[in-house]
Amino acid sequence: MGKYGLVLHGGAGAILRHEMTPDLDAAFRQKLSEAVNAGHTIIEQGGAALDAVTASIIILEDSPLFNAGKGAVLNAAGVCELDASIMNGRTLEAGAVAGLHHIKNPIHLARDVMEKSAHIMMAGSGAEKFAEGLGYDLMPESYFQTDFRRAQLLRAKELENVGAGATTSTGRVTFSTIDDNALIAQFKWGTVGCVALDQAGNLAAGTSTGGMTNKKFGRIGDSPIIGAGTYADNATCAVSATGWGEFFIRASVARDIAARMEYQGKGVVEAAAAALAKVREMGGSGGVIAIDAQGQISMEFNSPGMYRACQLAGQTARVALYGDETRR
Ligand code: ASP
């Protein structure tokens with residue numbers, strides 16, 4: 001049997017068994033299974049890694065459970081601002097979009113930027129104008145918003161006020177005026193991402209997110225940044241990251257994993273662990289999914305949990321949420 005496979009994540013963060021209801025646990029597992037099956041079926045039938053990644057991510061963007069597309073977190077102005085990126089490991093072509101307000105499936109537009117524009121990254125109203133030109137329907141902002149995310153924003157704003165004027169534990173002023181770690185620990189990030197290896201040996205990676213709750217409008221995280229939140233190169237691996245984006249940008253996490261494989265000859269598991277250890281040292285947290293050209297995978301994280309799923313050639317799908325479940 002040829003080597004192929006697909007891995008996805010639905011975000012990392014404070015995902016704890018004792019805080020989860022049985023219904024919510026089941027709902028997450030069901031949606032992750034649906035997304036992993038959709039992508040895996042495409043590559044099982046000989047389709048392209050890029051198509052599998054796109055299909056899986058669209059399912060997660062359309063689900064209000066995850067912080068991407070419908071159900072994305074709200075920024076400080078109370079609206080969703082969406083970022084996404086995609087990369088083709090065969091050609092090293094990439095596409096990214098940031099600061100979208102009206103695009104139902106940002107991953108789809110990122111792919112169109114890659115395939116139908118002369119650019120890599122487009123943002124805000126310009127990106128949406130490009131989409132309109134391609135015949136996209138622009139969605140009302142209300143489509144993306146949910147009561148759960150409104151409540152989360154209120155809580156984040158309350159916490160922000162509690163510590164106004166305090167110095168952050170990392171000694172710098174960020175989007176929050178209280179201790180960063182205290183605020184971050186309250187939230188499960190829920191960004192979505194997918195990496196795949198198809199039967200032709202091609203790798204692809206994609207990531208889609210609403211960013212972080214209460215982010216200042218205009219803030220862009222790692223998810224749409226090629227080399228930070230997303231990277232794919234047939235010579236090494238495909239990576240999608242989730243976590244505290246500011247750290248993932250500074251550590252160039254996705255490219256760092258590929259570079260450790262390329263320059264140091266490390267395996268994907270070791271390379272992913274080393275890149276995340278660096279994020280941890282810097283004070284950040286989160287996780288990554290990665291698959292290499294031989295179908296070796298990593299689902300590594302340094303937060304309490306990460307929504308994740310994988311399916312490899314000839315195997316059944318594995319779905320996991322918590323820290324004590326599978327990472328391979
Ligand atoms: N990395 C994303 C960001 O910082 C958030 C996440 O992964 O949930 O925008």
Side-chain angles (χ1 to χ4, degrees), residues 8-9 11 49-58 60-61 66-69 72-73 75 80-134 136 144 189 191-196 203-212 215 217-233 237-258 286 288-290:
L8 56 84
H9 70 75
L50 212 49
D51 291 335
V53 163
T54 309
S56 290
I57 290 181
I58 284 176
L60 299 174
E61 285 179 338
F66 300 95
N67 172 20
V73 299
N75 71 5
C80 298
E81 232 166 30
L82 310 168
D83 305 333
S85 65
I86 194 161
M87 186 159 184
N88 182 343
R90 181 174 66 81
T91 59
L92 301 185
E93 289 169 321
V97 286
L100 305 178
H101 291 244
H102 303 281
I103 303 296
K104 182 166 178 274
N105 294 114
I107 195 69
H108 203 278
L109 187 59
R111 185 157 173 188
D112 277 338
V113 169
M114 174 169 79
E115 293 177 343
K116 298 177 182 163
S117 84
H119 309 300
I120 302 291
M121 189 172 203
M122 295 180 76
S125 57
E128 296 193 336
K129 209 163 246 155
F130 171 67
E132 268 190 290
L134 293 174
Y136 281 59
F144 301 97
W189 286 309
T191 288
V192 309
C194 183
V195 297
L203 291 168
T207 310
S208 181
T209 190
M212 296 173 84
K215 67 184 181 182
F217 17 90
R219 177 265 189 190
I220 294 172
D222 60 315
S223 306
I225 296 181
I226 299 301
T230 303
Y231 195 74
D233 180 353
C237 64
V239 181
S240 170
T242 174
W244 193 345
E246 278 68 11
F247 288 92
F248 280 69
I249 294 173
R250 289 164 61 208
S252 302
V253 170
R255 172 61 196 158
D256 186 34
I257 293 170
V288 297
I289 51 166

CD1 (Ile226) and CE (Met114) are apart, to the nearest 0.5 Å, by 9.0 Å
* Answer yes or no: is there a donor N or O on one side and an acceptor on the other, between the side chain of Thr207 and the main chain of Gly229, under 3.5 Å? => yes
Between the OG1 atom in Thr242 and the NE2 atom in His9, the distance rounded to the nearest 0.5 Å is 5.0 Å
By salt bridge (charged side-chain N to carboxylate O under 4.0 Å, His left out), Lys116 pairs with (sequence neighbours left out) Asp112
Here the gap from Thr209 atom OG1 to Asn67 atom CG, rounded to the nearest 0.5 Å, amounts to 4.0 Å
field: Backbone of Ile107 reached by a side-chain donor or acceptor of Glu61 within 3.5 Å
entry: yes
Under 3.5 Å, is there a donor-acceptor pair between the side chain of Glu128 and the main chain of His102? yes
For Arg90, the salt bridge (charged side-chain N to carboxylate O under 4.0 Å, His left out) test, sequence neighbours excluded, returns none
Side-chain contact test, heavy atoms from C-beta onward, threshold under 4.5 Å: evaluate it for Val113 versus Val97 and give yes or no.
yes
Between Val73 and Gly211, the two heavy atoms sitting closest are CG2-O, 3.6 Å
Do Lys104 and Tyr136 come close enough that some side-chain heavy atom pair is under 4.5 Å? no
| Is it true that Arg219 and Glu246 have a side-chain N and a carboxylate O under 4.0 angstrom from each other? | yes
message: For the backbone of Glu115 and the side chain of Glu93, can you confirm whether one donor and one acceptor N or O come within less than 3.5 Å of each other?
response: no
Practice prompt. Would you check if the side chain of Ser56 reaches a backbone N or O of Ala52 as a donor-acceptor pair within less than 3.5 Å?
Written response: yes
*Non-hydrogen side-chain atoms of Met121 and Ile225 separated by less than 4.5 Å*: yes
One should read off an interatomic distance between Met212 CE and Ser223 OG, to the nearest 0.5 angstrom, of 10.0 Å
Output for pair (Ile220 CD1, Asp83 CG), nearest 0.5 Å, gives 6.0 Å
When every non-hydrogen atom of Pro224 is compared with those of Ala84, the smallest separation belongs to CB-O, 3.6 Å
All heavy atoms of Glu81 vs all of Gly218, minimum pair found to be OE1-N, 3.0 Å
Correct closest heavy-atom pair for Ser208 and Ile57 would be CB-CG2, 3.9 Å
Those residues at least two apart in sequence (or on a different chain) that pass side-chain contact (heavy atoms from CB on, under 4.5 Å) with Glu132 are Leu138
When rounded to the nearest 0.5 Å, the distance separating OG of Ser85 from CG of Asp222 is 8.5 Å
Check: Heavy atoms, side chains only, cut-off 4.5 Å: are Leu109 and Leu100 in contact?
Finding: yes
Could you tell me whether the side chain of Leu8 reaches within less than 4.5 Å of the side chain of Leu60, counting heavy atoms only? yes
When every non-hydrogen atom of Ala196 is compared with those of Ala49, the smallest separation belongs to O-CB, 3.6 Å
Between Phe248 and Gly286, the two heavy atoms sitting closest are CZ-CA, 3.9 Å
Taking the side chain as everything from C-beta on, heavy atoms only, tell me whether Leu92 gets closer than 4.5 Å to Asp233. yes
